[in-house]
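Side chains are part of it too, since the values below use all heavy atoms of this structure and drop only hydrogens, waters and symmetry mates.
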Amino acid sequence: MLTLRQLWELSLYQRSILIILLICNALGTIYGFVWYGDQLLNTQWYDLIFVPDSPIASLFLCISIYLLILNKQSSIIEGLAFVTLFKYGLWAVIMNIIMIINNHDITIMNVFLIIIHGIMALESFYFYPRFKISMLSLFISMIWILNNDYVDYFFNKYPYYDFIQQHLNLVAFIALWLSIMSLILYYYFNKLIKVKLFD
């Protein structure tokens, strides 16, 4: 009888499972860019890359999965995938929960966003054992994620939500700490639970 960990290990190397996950994440990525459609249309071209944070995180994962299917890897793309998936996945979950509490109301969209972004955060850990960890990818991921925070909260490129605008300092504080946490986890997660033993 296979253990849960053994099933996890095997699934990461099953081409058919990787293809299914690639298709699912690709569809989610497309939906994410569509969701940001109005905001992207009102954004200057040179700022476009800083707006759709979650879809870009999902895109990094799609590229990583595609390379794994081809038996290739890029530690830089994988580093960006882990850090952004965890950070923006958890950020969206926290924001939607806070908005539900603040508005004293829960909507289908709130639940949907919590579920899909929660899956994003979980996927960062699911794929982590296949990812190559390097100081270069950590450094590039740090520049990417902290620069994105700077642009989001100093130049107002965050998602269009009244709640965020009204509580900008709090949201920026949460975002910064999630960025730091994602970078720490990226570099130390394998040392904490030794999941890299089956790489």
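Between the side chain of Gln39 and the main chain of Tyr158, a donor-acceptor pair closer than 3.5 Å is present. For the pair Asn102 (side chain) and Ile98 (backbone), a donor-acceptor distance under 3.5 Å is absent. One N or O on the side chain of Asn110 and one on the backbone of Thr107 form a donor-acceptor pair closer than 3.5 Å. In this structure, the side chain of Asp47 does not engage the main chain of Thr43 through any donor-acceptor pair within 3.5 Å. Listed for the Glu78 side chain is no donor-acceptor partner under 3.5 Å among the backbone atoms of Tyr128.
The closest side-chain heavy-atom distance from Leu136 to Ser75 is not below 4.5 Å. Counting heavy atoms from C-beta on, the side chains of Leu21 and Phe127 come closer than 4.5 Å. Under the 4.5 Å side-chain criterion, counting only non-hydrogen atoms from C-beta, Trp177 is not in contact with Met181. No side-chain heavy atom of Arg15 sits less than 4.5 Å from a side-chain heavy atom of Leu18. Contact annotation: the side chain of Glu123 approaches that of Asn25 to within less than 4.5 Å [non-hydrogen atoms, C-beta and beyond].
A salt bridge does not link Asp149 with Lys157: every distance from a Lys NZ or Arg NE/NH1/NH2 to an Asp or Glu carboxylate oxygen is 4.0 Å or more.
Atom CG of Leu41 sits in a crowded spot, with more than 12 heavy atoms from other residues, nucleotides or ligands closer than 6.0 Å. In Asp38, the CG atom is not crowded: 12 or fewer heavy atoms of neighbouring residues, nucleotides or ligands sit closer than 6.0 Å. A 6.0 Å sphere centred on CD1 of Ile49 holds no more than 12 heavy atoms belonging to other residues, nucleotides or ligands.
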| said: Run Phe155 and Tyr150 through ring-ring contact (aromatic ring centres under 6.0 Å, His included) and show every step you take. | reply: CA-CA 8 Å; Phe155 296 98; Tyr150 176 74; 5.5 Å; yes
| query | Taking it one step at a time, do Asn169 and Tyr153 satisfy side-chain contact (heavy atoms from CB on, under 4.5 Å)? | reply | CA-CA 8 Å; Asn169 289 338; Tyr153 301 108; over 6 Å; no
| query | After noting the C-alpha distance and the side-chain angles of Met142 and Val83, does the key distance pass the side-chain contact (heavy atoms from CB on, under 4.5 Å) rule? | reply | CA-CA 8 Å; Met142 180 178 65; Val83 169; over 6 Å; no
| request: Output, in order, the C-alpha distance, side-chain angles, deciding distance and verdict of side-chain contact (heavy atoms from CB on, under 4.5 Å) for Thr3 and Trp8. | output: CA-CA 9 Å; Thr3 65; Trp8 177 22; over 6 Å; no
| said: Apply side-chain contact (heavy atoms from CB on, under 4.5 Å) to residues Phe189 and Ile133 and explain how you reach the verdict. | reply: CA-CA 10 Å; Phe189 189 51; Ile133 312 303; over 6 Å; no
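Cluster annotation: Leu27 is connected to Ile116 through the hydrophobic network of ILVMFWY side chains, with a link wherever side-chain heavy atoms come within less than 4.5 Å. Criterion: ILVMFWY side-chain heavy atoms under 4.5 Å apart, direct or through other members. Under it, Ile115 and Leu122 are not part of a common hydrophobic cluster. The cluster map of Ile, Leu, Val, Met, Phe, Trp and Tyr, joined by side-chain heavy atoms under 4.5 Å apart, puts Val111 and Ile114 in the same cluster. Under a hydrophobic-cluster definition in which Ile, Leu, Val, Met, Phe, Trp and Tyr are linked whenever side-chain heavy atoms come within less than 4.5 Å, directly or via other members, Leu146 and Leu185 are assigned to the same cluster. Hydrophobic clustering places Phe82 together with Tyr188 (ILVMFWY residues linked when any side-chain heavy atoms are closer than 4.5 Å, directly or through intermediates).
Distance check: Tyr88 OH to Ser179 OG gives 6.0 Å after rounding to the nearest 0.5 Å. Distance check, rounded to the nearest 0.5 Å: SG of Cys24 to CD1 of Ile19 gives 12.0 Å. From Gln14, atom CD reaches atom CD of Glu9 across 12.5 Å, with rounding to the nearest 0.5 Å. Interatomic distance, Thr84 OG1 to Asp53 CG, rounded to the nearest 0.5 Å: 9.0 Å. Between the CG atom of Leu7 and the CG atom of Leu12 there is a distance of 11.0 Å, given to the nearest 0.5 Å. Distance CD1/Ile77 to OG/Ser137: 10.5 Å, rounded to 0.5 Å.
By the side-chain hydrogen bond (donor to acceptor under 3.5 Å, both in side chains) test, Asp152 pairs with no residue at all, sequence neighbours left out. When the side chain to side chain contact (heavy atoms under 4.5 Å, CB included) test is applied to Leu59, the partners found at least two apart in sequence or on another chain are Thr29, Ile63.
Side chains of Asn156 and Gln165: a donor-acceptor N/O pair is absent below 3.5 angstrom, by distance only. In this model, no donor atom of one side chain and acceptor atom of the other lie less than 3.5 Å apart for Tyr186 and Ser124.
Residues Leu22 and Cys62 share a closest heavy-atom pair of CD1-O, 3.4 Å. Residue Ala121 comes nearest to Phe125 through the heavy atom pair O-CD1, 3.5 Å, listed as atom of the first residue, atom of the second, then distance. Of all heavy-atom pairs between Tyr36 and Val51, the closest is CE2-O, 3.4 Å. Heavy atoms only, all atoms of each residue included: Gln73 and Phe131 are closest at NE2-CA, 4.1 Å.
For the side-chain hydrogen bond (donor to acceptor under 3.5 Å, both in side chains) condition, the pairs that include at least one residue of residues 111-122, sequence neighbours left out, are Ser54-His117.
Note: Phe60 and Trp144 meet the aromatic proximity criterion, with ring centroids under 6.0 Å apart.
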